[in-house]
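Atom set for the values below is all heavy atoms of this structure, side chains included, hydrogens, waters and symmetry mates excluded. Note that this is a predicted model, so its numbers are computed, not measured.
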Amino acid sequence: MENDELTVALGGNVKWRFPSVHPEGVKFGLIAAAVTALLFLVGWEILGWLMVMVTIWVLAFFRDPVRAVPQDERTIVAPADGLVTLIQRVPPPREMAGPDGLGDQPMIRVSIFMSVFDVHINRTPIGGTVKSVVYISGKFLNADLDKASEDNERQHILVERHDGVRIGFTQIAGLVARRIVPFVKPGDMVAAGQRIGLIRFGSRVDVYLPAGTAPRVVLGQRTVAGETVLGQMGDMRVISGIQQ
């Protein structure tokens, strides 16, 4: 075992730090800060203090914390921070179905809802090659609704591992979200837990688990992108849980 690997295995000296702000959010933070300064300059202090809070929220919305990603190849990690609101067996979206995609058999879909207070940087559940990125315009229904998967503006991403295993996941715009921003394109190589895009402001991500894989999360559970294990490939053990 190399020295660096030994340090990781035995535990190194890790310090907490403030999350950075993703470059995509810097311009929004600067706009909010400029409006704040203007309000104070013209003497509208009450509105100015309100804009101070808005500016802080904007910067917090685009925060981009470092995550510790499990390195087990069997592991499928959560692509988003948020709340597990739906776990269903459904056919794969037609944009990712067929022999070159996820096939045509029903799959377990895990839906993670992101509120406006969650981190909105999305990450890939597995490492591999980005096979396709398909954007579809649509409505802006509440992302918490089941039909949002078929009706809302969305973006499908398909990733294939070196052994041919494929994972599909979908970024879905919501009632407030109006923009899906991709960081990857077809042909890109990605590592498990790598940042692949974001959605502004409040939305949902659906993940389609491969055959023979049961979800390792339960309804009502909160997930952490890049860290929470959604499933172990080939593991069909079903877990249950209650909210308390």
Side-chain angles (χ1 to χ4, degrees), residues 19-26 28 58-70 75-87 92-93 95-96 102 109-136 138 140 143-144 148-149 152-161 166-186 188-209 215 217 221-231:
S20 60
V21 176
H22 192 273
E24 181 69 23
V26 171
F28 293 99
V58 169
L59 294 174
F61 178 87
F62 288 100
R63 65 194 183 279
D64 186 12
V66 173
R67 295 288 163 79
V69 182
T75 297
I76 302 168
V77 297
D81 287 31
L83 186 71
V84 178
T85 56
L86 293 167
I87 300 177
E95 296 83 8
M96 292 193 291
L102 299 177
R109 183 181 70 195
V110 178
S111 300
I112 301 170
F113 176 76
M114 297 178 285
S115 76
V116 293
F117 300 106
D118 286 312
V119 173
H120 273 61
I121 304 294
N122 299 147
R123 296 170 180 260
T124 176
I126 62 170
T129 303
V130 178
K131 301 298 289 183
S132 64
V133 178
V134 181
Y135 171 80
I136 302 168
F140 296 96
D144 213 10
S149 296
N152 279 25
E153 178 177 319
R154 57 203 181 275
Q155 180 166 261
H156 301 297
I157 300 177
L158 184 67
V159 177
E160 181 178 89
R161 290 197 326 178
R166 295 168 183 162
I167 290 282
F169 55 105
T170 305
Q171 298 169 286
I172 303 172
L175 192 63
V176 181
R178 298 288 161 165
R179 176 79 169 127
I180 299 174
V181 182
F183 301 162
V184 295
K185 63 184 183 302
D188 285 352
M189 297 289 294
V190 293
Q194 181 175 322
R195 300 163 180 83
I196 52 85
L198 64 82
I199 316 175
R200 306 193 301 250
F201 290 86
S203 42
R204 173 174 137 191
V205 178
D206 288 347
V207 184
Y208 294 84
L209 301 181
V217 292
Q221 180 176 339
R222 291 198 59 81
T223 61
V224 177
E227 293 188 356
T228 300
V229 176
L230 288 189

Item checked: Result of checking Thr124, Asn122, Asp64 against Arg195 for side chain to side chain donor-acceptor pair (under 3.5 Å) -> Asp64
Check: So do Arg123 and Val224 actually touch side chain to side chain, heavy atoms under 4.5 Å?
Finding: no
Next item on the list: Kindly give the heavy-atom pair with the smallest separation between Phe113 and Ser203, and that separation in Å.
Entry: CD1-O, 3.5 Å
Note to self: Using the ring centroid of each side chain, check whether Phe62 and Phe28 are separated by less than 6.0 Å.
What the structure shows: yes
Item checked: Minimum heavy-atom distance between Val110 and Val84, given as atom pair plus value -> CG1-CG1, 4.1 Å
Next item on the list: Find out whether Thr170 and Ile157 are in side-chain contact, i.e. whether some heavy atom of one side chain is under 4.5 Å from a heavy atom of the other.
Entry: no
Note to self: Tell me the closest heavy-atom pair linking Leu230 and Thr223, and the distance in Å.
What the structure shows: CD2-CG2, 4.5 Å
Next item on the list: Indicate the atoms forming the closest heavy-atom contact of Gly193 with Val77, along with that distance.
Entry: N-CG2, 4.2 Å
Checklist line | Pair Asp206 + Arg154: basic N to acidic O under 4.0 Å | finding: no
Next item on the list: Would you indicate whether the side-chain heavy atoms of Leu198 and Gln171 approach each other to under 4.5 Å?
Entry: no
Item checked: Expected output: side-chain Thr129 to main-chain Lys131 donor-acceptor under 3.5 Å -> no
Check: Under the 3.5 angstrom rule, does the side chain of His120 hit a backbone N or O of Asp118 as a donor-acceptor pair?
Finding: yes
Notebook entry, point to check: So, does Arg67 use its side chain to make a donor-acceptor pair with the main chain of Ala225 at under 3.5 Å?
Noted result: yes
Next item on the list: Please identify each residue that fulfils salt bridge (Lys or Arg N to Asp or Glu O under 4.0 Å) with Arg161, with sequence neighbours left out.
Entry: Asp163
Next item on the list: Please test Asp81 against Arg222 for salt bridge (Lys or Arg N to Asp or Glu O under 4.0 Å), starting from the C-alpha separation and ending with a verdict.
Entry: CA-CA 7 Å; Asp81 287 31; Arg222 291 198 59 81; over 6 Å; no
Check: So, for Pro79 and Val207, which heavy atoms are closest and what is the spacing to 0.1 Å?
Finding: CG-CG2, 3.3 Å
